[in-house]
Every structure is written in structure tokens, then in C-alpha cells.
Asks: 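Sharing a structure here in C-alpha cells format.
Computation of the quantities below employed the complete heavy-atom set of this structure, encompassing side-chain atoms and omitting hydrogens, waters and symmetry-equivalent molecules. Naming: A, B, ... by sequence-line order, numbering from 1 per chain.
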Amino acid sequence: MGTEGFVSSITRQSEDFPAWYNDVVLKGELADYSPVRGCMIIRPYGYAIWESMQGELDRHIKATGHSNVYFPLFVPRSLLEKEAEHVAGFDPQVAWVTHAGGKALDEWLAIRPTSEAIIADSVKDWIQSYRDLPLLMNLWNNVVRWELRTRLFLRTAEFLWQEAHTFHATREEAEAEVRTGLDCYQKVSEEWLAIPVIQGRKTEGEKFPGADFTWCVEAMMRDKKALQAGTSHMLGQNFARAAGIEFLDRDNVRKNPYGTSWGFSTRMVGATIMAHGDDFGLVLPPNVAPTQVVIVPIFRNEEEKAAVAEAIDRFQAALAETPGGKAVRVRVDWRDESPGFKYNHWELRGVPFRLEIGPRDVAAGQAMVVKRVDRSKEAVPLDRLAAELPARLRAYQAELFKRALDFRESNTHHVDTYQQLKDGLDLEGGFFLAPWCGAGKCEKQVSDETGATIRCIPFDSPDEAGKCIVCGGSSERRALFARAY
RNA sequence: CGGGGUGUGGCGUAGUGGCUAACGCACAUGCUUUGGGAGCAUGAGAUCGUGGGUUCGAAUCCCACCACCCCGACCA
């Protein structure tokens with residue numbers, strides 16, 4: 001049988017990317033649909049991937065001085081409505097609790113779509129002096145946004161995320177904080193998830209409701225579409241003013257503090273799937289892979305089984321002696337299934353390395369090492385493998401990042417006319433850097449006519465005089481256009 | 001909400017008025033197997049989306065409703 005036959009259960013990525021994605025999520029047992037429309041059940045394997053990135057991000061958040069806190073799920077209607085732009089932006093997506101305790105509530109309670117409003121109200125008594133600032137808080141929680149169209153992990157009515165909320169005495173300090181949040185996301189995306197991202201500024205039309213400006217990180221998926229990997233908002237004094245937060249500054253003047261908020265969600269599980277996966281299923285970076293190395297024992301009788309088991313034990317003992325070896329997440333698959341079944345099972349789940357150990361390998365003191373990303377096979381002596389495994393995992397992680405970066409770069413194009421953008425989107429897709437005048441009208445026209453949006457104005461896009469591809473007006477730098485999730 | 005589509009064991013399907021609703025996968029038990037999704041045997045599992053109607057007889061025809069999926073508007 002050729003390699004084609006084994007993947008009959010997964011739609012080919014090149015054939016139908018969304019169907020491929022659903023197959024991987026459902027058949028890889030990452031998540032399932034729920035009885036509630038638009039909500040998802042995260043299964044053990046999917047949750048383990050989330051926990052891994054969550055843990056890494058939490059370390060970055062704490063290392064930059066933030067403390068974890070908790071605020072309630074319910075937000076009184078009056079609080080949500082204090083910041084006008086904010087409520088206008090979120091109103092259509094809010095789920096309301098209208099009854100409780102067997103009767104209609106006098107005041108409806110919003111199930112938080114995000115926590116700016118309740119936090120601003122809650123902390124007003126905590127902030128009296130400039131000495132109380134900065135206030136650096138982070139929440140790990142769930143939020144609800146009644147989305148019209150949902151997709152597992154990428155957009156669900158309820159999702160898990162982290163939302164940081166901070167308050168500062170000066171605008172400069174708050175702006176530095178917006179940067180801090182964005183840098184955390186870049187590090188987790190690139191170093192942990194092996195997904196290269198582009199930092200930039202959202203347009204007025206795409207910014208967070210109630211913010212002065214929004215910065216973001218954008219990533220390219222393997223279908224060349226963009227996915228927002230995290231956002232960091234400069235709230236200015238908007239929420240503080242609406243909630244009446246004031247502090248007495250060094251100069252004995254009462255002022256409103258400056259706020260920021262930034263969030264990173266379970267969407268990134270979807271990003272990891274779509275940034276690395278292939279026709280055989282998931283391809284996980286070793287850092288997030290719940291199992292980094294799976295050992296498939298092969299034997300025909302009890303005698304061979306015992307010999308293989310002994311070789312595996314010796315290998316694991318040698319690995320434990322290797323620096324960094326104890327931290328390697330190894331799993332031995334003793335299930336009563338055929339080897340071929342196990343190969344497919346673990347390839348679908350994206351385990352970076354598979355070791356096949358059978359009678360022939362025991363005799364030779366080796367294992368067949370199969371690398372998930374390219375499915376290459378190599379016979380390696382077991383003692384050498386034990387010594388090299390931590391380094392091989394690091395190299396694999398770096399290789400995945402490089403592969404994703406190369407893919408993004410080879411699918412990013414500079415275009416100078418609207419026609420070039422249209423042709424590029426239709427013919428090959430990808431990211432397009434094009435001059436834009438800054439007008440919302442031009443942005444909207446592109447989006448209406450092509451389905452592509454301005455993902456951001458990249459920070460590393462150099463100053464470059466040009467003519468807006470839509471209206472011909474003057475442009476100071478290029479914006480990043482792409483079709484997005 | 002507008003346009004299109006689908007509802008039959010856990011999943012994928014067959015069954016267009018007639019006997020006890022069929023098949024594959026998955027599941028359970030046993031034996032044989034195990035180097036790229038093993039084989040055989042036995043077995044469990046379905047109020048055919050819901051309600052009403054037509055008929056001697058409905059998964060099948062009619063009406064209404066419900067749910068879900070795809071496209072569009074909203075979005076971490």
C-alpha cells in the first residue's frame with residue numbers, strides 16, 4: 001500500500017483546508033462539539049496543548065511583574081454601558097442573564113465578553129495615589145461572545161483566554177506596557193509554538209472598542225491566510241474616566257490613570273494546528289507536544305516482547321542519565337494494536353519522534369527513529385539516541401520555526417497597484433504589503449471587493465513614500481493585506 | 001436575519017408505500033496475529049429529528065415545527 005491509503009480518514013489539506021482542520025481536531029481527539037451551539041468541549045489532548053502554552057505565557061506574564069487575580073463572570077448592565085464605544089462594539093455579542101433565583105432580575109447581568117468594565121469599576125477604590133501605580137493584573141478565565149459563525153478553537157461562543165489589565169500614572173508608561181504584552185505574545189508564539197509573527201498596529205476600523213489604539217501579532221497559516229495571534233490595547237484614560245478612577249499625582253493634581261489590556265486565547269491551539277499540520281494530521285512543536293517521543297514496540301511472541309521491553313527499559317534509564325533527559329516526555333505504546341495502527345495514531349496527533357523497536361533493532365542495539373515533520377527514518381544506536389534526544393528535540397523545534405518562517409516569507413509579496421493585489425489574492429494568496437493612505441474608505445473598499453483586510457501596519461515596515469493602491473493618495477508606509485480567519 | 005442544503009445505531013451510508021430497517025467502520029468477548037491502519041467467529045447497539053395527517057400498511061407521501069451544516073453580515 002502506498003502512503004496515500006493511510007490517510008483515508010483525514011481530508012487532504014490541499015483539497016479542503018477547513019475540512020482537513022475539522023478532521024484533525026475531531027479525529028485527533030482535541031475537541032468535540034457541545035450541546036450548546038457554538039460552544040466546544042476541549043478533550044484531554046487538546047487541553048494538554050492549551051495548558052502547555054498557557055503555562056509558558058503565564059511564566060512570561062509573571063516575569064514582567066503581573067499578578068494573577070480573578071474577577072466575576074457577571075457584569076451588571078450599567079457597568080458595561082459606561083464606556084460608550086465599548087458597549088456599542090460588544091452589545092450584539094453579549095449574552096445576558098435575565099432571570100435568577102426563580103425571578104426576573106431588576107438589572108440584567110452580562111456574561112463577560114471581556115473584563116475592562118468590571119475591572120475599571122472595581123479598582124477605583126484601590127487607586128488613590130501615584131504610589132498605587134502601576135497596577136499590573138492578569139486573569140485566566142472564560143468569556144462569552146455570541147458569535148454568528150463559530151469554528152472549533154478559532155472562534156467559539158465561549159473561549160478560554162488570558163486578559164491582562166493594567167493602570168499607569170503616565171501615557172508613556174502605559175504605552176511601554178502595551179509593548180510588554182505584545183512582546184510576551186511574540187515570545188510564546190515564536191519560541192514555544194514555533195509560529196513566526198508580525199507585530200503591528202491595527203487600523204482604526206479594526207481596533208478594540210473603547211481603545212485609543214490596538215497593537216497585534218499576526219501569523220500565517222498553511223493555507224496562507226492570516227490569523228490574529230494576540231492583541232494589546234492602549235485604553236488611554238477612556239475606561240478610567242468612565243469609571244471615575246482618579247489618583248493624586250506627585251504634583252498634587254488629581255488625574256485619571258492610563259489603562260492597557262491584552263489577551264491571548266485558546267484560538268492559539270487552532271493556530272498551532274494550522275501553522276504546522278499536514279496531510280497526516282498534526283505536527284506539534286516539541287515544546288507543546290504532550291508526548292514528545294512515542295516508542296512503538298514490535299514483537300511476535302513473549303520472548304521477543306521481553307527482549308524489546310528490556311531494551312526499552314535500558315534506553316529509558318540511559319535517557320534519565322542524560323542532561324535534560326528526565327524532562328523528555330516519552331510514552332511507550334503497549335496497546336494491543338498493530339504497529340501500523342499506532343504509527344498512524346501518533347502521526348495524526350503530531351508526536352515529534354517515533355521510535356520503532358523490534359527484534360531486529362534489539363539485535364543491532366538500535367531503534368528506527370521516525371521524524372514526524374518529514375517522516376524520515378533513520379536507524380540510530382540506542383545509547384547514542386539517549387544522549388542526543390534532548391538536542392534532537394531542540395533542533396526539531398528550531399526546524400519547525402524555520403520552516404514556518406520560510407513559508408511565510410515565500411508567500412509575502414510587495415504590490416504597488418490594486419490590480420496586483422487582486423491578482424495575487426486570486427492566484428496564490430498570502431500576505432501583501434501595499435501602500436495605503438490611511439483612509440477607512442479605502443480599507444473598506446478592499447475588504448468589500450476582495451475579502452482581504454488590513455491585518456496591521458507592521459512596525460518593521462520602513463518609511464516609504466508611495467501612492468495608496470486604492471485612491472492614489474499619499475502613503476507613508478505599507479500596510480499588510482491578507483484574507484484572515 | 002437573507003440564500004442553499006441535510007436529518008436513519010457512536011461515525012459514514014443504503015433503503016422512494018409492503019415481511020423482523022440493511023451494510024461498512026468503531027465497540028464487546030474469544031482464538032490466531034503484530035516491521036505502515038490484521039483475520040476469523042460470536043455478540044451488543046436504532047423510539048428512522050419532533051408533532052400531526054393520508055393509507056389496510058409510512059423511514060419512504062403531505063403539512064407544520066425543530067435542529068444542524070455551508071455561503072454572507074459580527075469577531076480573540
Side-chain angles (χ1 to χ4, degrees), chain A residues 1-10 16 18-19 22-23 26-27 32-38 88-94 112-115 141-151 153-163 185 202 205-209 214 216-219 227-233 261-271 280-281 296-302 304-305 308 333-348 354-364 366-368 370 375 377 379 444 447-448 451 453 484-485:
Chain A
M1 197 190 294
T3 48
E4 298 80 24
F6 306 128
V7 293
S8 55
S9 61
I10 313 180
D16 184 345
N22 272 331
D23 282 348
L26 296 170
K27 291 176 178 156
D32 212 341
Y33 294 109
S34 86
V36 182
R37 187 202 74 87
F90 276 106
D91 199 49
Q93 293 181 265
V94 173
R112 62 182 164 218
T114 178
S115 302
N141 63 15
N142 58 340
V143 291
V144 169
R145 298 181 187 177
W146 218 252
E147 301 287 354
L148 299 174
R149 256 170 71 60
T150 59
R151 302 205 46 201
F153 287 113
L154 300 175
R155 189 177 305 108
T156 45
E158 177 194 14
F159 58 89
L160 306 184
W161 74 341
Q162 151 279 326
E163 46 174 329
Y185 297 154
K202 284 286 182 197
E206 298 266 339
K207 76 173 189 187
F208 179 76
T214 290
C216 64
V217 282
E218 293 284 330
L227 184 82
Q228 182 171 301
T231 46
S232 187
H233 315 295
S261 67
W262 28 288
F264 175 105
S265 74
T266 35
R267 161 179 282 189
M268 290 307 287
V269 176
F280 299 93
V296 178
I298 298 159
F299 52 88
R300 278 164 298 195
N301 52 51
E302 286 305 312
E304 287 182 352
K305 183 177 181 181
V308 167
D333 188 353
W334 285 110
R335 288 178 302 168
D336 185 20
E337 299 285 356
S338 72
F341 178 91
K342 294 175 186 175
Y343 300 166
N344 286 284
H345 179 91
W346 295 111
E347 282 181 3
L348 171 60
R354 175 175 78 241
L355 311 186
E356 305 172 8
I357 303 182
R360 294 204 295 267
D361 303 299
V362 172
Q366 64 175 32
M368 289 304 301
V370 185
R375 299 170 79 243
K377 292 194 182 193
K444 186 166 185 308
S447 142
D448 287 347
T453 49
Y485 280 95

Asks: Output the pairing pattern of RNA chain B as a dot-bracket string, 5' first, Watson-Crick or G-U wobble with both distances under 3.5 Å, | for cross-strand pairs, [ ] for crossing pairs.
Replies: ((((((((.[[[[.)..(...]]]].((((((.....)))))).....[[[[[..)....]]]]])))))))....

Asks: Is A/Trp262 close to A/Phe208 at the side-chain level, that is, under 4.5 Å between some pair of heavy atoms?
Replies: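 The answer is no, as the side chains (C-beta and beyond) never meet within the 4.5 Å cut-off.
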
Asks: Say you pick atom C1' in B/G15 and the same atom in B/A21; how far apart are they, in whole Å?
Replies: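 Looking at atom C1' only, B/G15 and B/A21 are 8 Å apart.
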
Asks: Do the non-hydrogen side-chain atoms of A/Tyr185 and A/Thr231 ever get within less than 4.5 Å of each other?
Replies: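 They are not in contact (no side-chain heavy atoms under 4.5 Å apart), so the answer is no.
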
Asks: Using whole Å, report how far CG of A/Leu26 lies from C1' of B/A26.
Replies: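 Checked: the CG to C1' distance equals 15 Å.
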
Asks: Calculate the interatomic distance between A/Arg151 atom CZ and B/C68 atom P; express it in whole Å.
Replies: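 After rounding, the gap between these two atoms is 17 Å.
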
Asks: Between A/Phe159 and A/Trp161, what is the ring plane arrangement, given parallel below 30°, perpendicular above 60°, and tilted in between?
Replies: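 Ring orientation of A/Phe159 relative to A/Trp161: perpendicular.
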
Asks: What string of B, S and - do you get for nucleotides 71-76 of chain B, 5' to 3', if B is base contact, S is sugar-phosphate-only contact and - is no contact with any protein heavy atom under 4.0 Å?
Replies: S-BBBB

Asks: Would you mind reading off the distance between A/Arg300 atom CZ and B/U32 atom C1', rounded to a whole angstrom?
Replies: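 That distance rounds to 15 Å.
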
Asks: Taking B/G45 as the reference, what is the distance to B/G9 when you measure between their C1' atoms (whole Å, please)?
Replies: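 That atom pair is separated by 6 Å.
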
Asks: Between B/G36 atom C1' and A/Phe280 atom CZ, what is the distance in whole Å?
Replies: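 Rounding to the nearest Å, CZ of A/Phe280 and C1' of B/G36 are 10 Å apart.
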
Asks: Nearest heavy-atom pair of A/Met368 and A/Ala379: which atoms, and what distance?
Replies: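 Taking A/Met368 first and A/Ala379 second, the nearest heavy atoms are SD-CB, 3.9 Å.
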
Asks: For a quick check of understanding: with a heavy-atom distance under 4.0 Å over all strands, which category does A/Met368 fall into, base, sugar-phosphate or nothing?
Replies: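 Since a base atom lies under 4.0 Å of A/Met368, the category is base.
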
Asks: With a 3.5 Å cut-off and just heavy-atom distances, do the side chain of A/Lys342 and the base of B/G35 make a donor-acceptor pair?
Replies: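 It does not, because no donor-acceptor pair links the side chain of A/Lys342 to the base of B/G35 below 3.5 Å.
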
Asks: Find the distance A/Lys305:NZ to B/G35:P and express it as a whole number of Å.
Replies: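 Atom-to-atom, A/Lys305 to B/G35, this comes out as 15 Å.
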
Asks: Return the value, rounded to whole Å, for the distance between atom CD1 of A/Ile357 and atom C1' of B/G36.
Replies: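 Atom CD1 in A/Ile357 sits about 17 Å away from atom C1' in B/G36.
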
Asks: Is there a side-chain contact between A/Arg112 and A/Asn141, using heavy atoms and a 4.5 Å cut-off?
Replies: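 Side chain of A/Arg112 against side chain of A/Asn141, heavy atoms only: contact under 4.5 Å found.
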
Asks: To the nearest Å, how far apart are A/Asn344 CG and B/U34 C1'?
Replies: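 Going from A/Asn344 (CG) to B/U34 (C1'), I get 15 Å.
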
Asks: Say you pick atom C1' in B/A26 and the same atom in B/G10; how far apart are they, in whole Å?
Replies: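 Nearest-Å result for B/A26 against B/G10 at atom C1': 7 Å.
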
Asks: Give me the ring orientation class for A/Trp334 and A/Phe299: parallel if the planes are under 30° apart, tilted from 30 to 60°, perpendicular past 60°.
Replies: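 Geometry flag for A/Phe299 against A/Trp334: tilted rings.
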
Asks: Round to a whole Å and report the spacing from CG of A/Asn301 to C1' of B/G35.
Replies: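 Those two atoms, CG and C1', are 14 Å apart.
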
Asks: Any N or O donor-acceptor pair linking the side chain of A/Arg354 to the base of B/G36 at under 3.5 Å?
Replies: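 Counting by modelled atom types and ignoring angles, a donor-acceptor contact under 3.5 Å is found here.
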
Asks: Considering only atom P, compute the distance from B/C70 to B/G51 and round it to an integer number of Å.
Replies: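 Taking atom P in both B/C70 and B/G51, they lie 27 Å apart.
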
Asks: Take atom P in B/G39 and the same atom in B/A64, then report the distance between them in whole Å.
Replies: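 Straight-line distance between the two P atoms is 48 Å.
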
Asks: When all nucleic acid strands are considered with a 4.0 Å heavy-atom cut-off, which category describes A/Glu163: base, sugar-phosphate, or nothing?
Replies: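 Nothing, no nucleic acid heavy atom in range.
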
Asks: The test is side-chain contact (heavy atoms from CB on, under 4.5 Å); show your working for A/Leu154 and A/Leu227 and say whether it passes.
Replies: CA-CA 9 Å; A/Leu154 300 175; A/Leu227 184 82; 4.2 Å; yes

Asks: With sequence neighbours excluded, tell me which residues meet ring-ring contact (aromatic ring centres under 6.0 Å, His included) with A/Trp146.
Replies: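 Applying ring-ring contact (aromatic ring centres under 6.0 Å, His included) to A/Trp146 gives none.
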
Asks: Taking the same atom, P, in B/G43 and in B/U34, what whole-Å distance lies between them?
Replies: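 28 Å, rounded to whole Å.
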
Asks: Using every non-hydrogen atom in the two residues, find where A/Lys342 and A/Asp333 come nearest and quote the distance to one decimal.
Replies: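 Looking at all heavy atoms of both residues, the shortest contact is NZ-O, 2.9 Å.
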
Asks: For the atom pair CZ (A/Arg267) and CZ (A/Arg155), what is the distance rounded to the nearest 0.5 Å?
Replies: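 It comes to 6.0 Å.
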
Asks: Hey, which of these two, A/Lys377 or A/Asp336, hits RNA chain B nearer its 5' end, going by closest nucleotide?
Replies: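 Result: A/Asp336.
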
Asks: Hey, is the side chain of A/Glu347 pairing donor to acceptor with the base of B/G36 inside 3.5 Å?
Replies: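 Checked by distance alone, the answer is yes.
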
Asks: Among the candidates B/G35, B/G36, B/G37, find the nucleotide nearest to the side-chain atoms of A/His345.
Replies: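 Closest nucleotide to the A/His345 side chain: B/G37.
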
Asks: Counting only side-chain nitrogens and oxygens, does A/Ser338 get under 4.0 Å of the OP1 or OP2 atom of B/U34?
Replies: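 Checking B/U34 against A/Ser338, no side-chain N or O comes under 4.0 Å of OP1 or OP2.
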
Asks: Is the Lys NZ or Arg CZ of A/Arg151 less than 6.0 Å from the centre of A/Tyr485's six-membered ring, within 45° of the axis?
Replies: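 A/Arg151 over A/Tyr485 ring: no.
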
Asks: Go through B/G36, B/U33, B/G35 for me and flag the one nearest to the A/Val370 side chain.
Replies: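 The answer is B/G36.
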
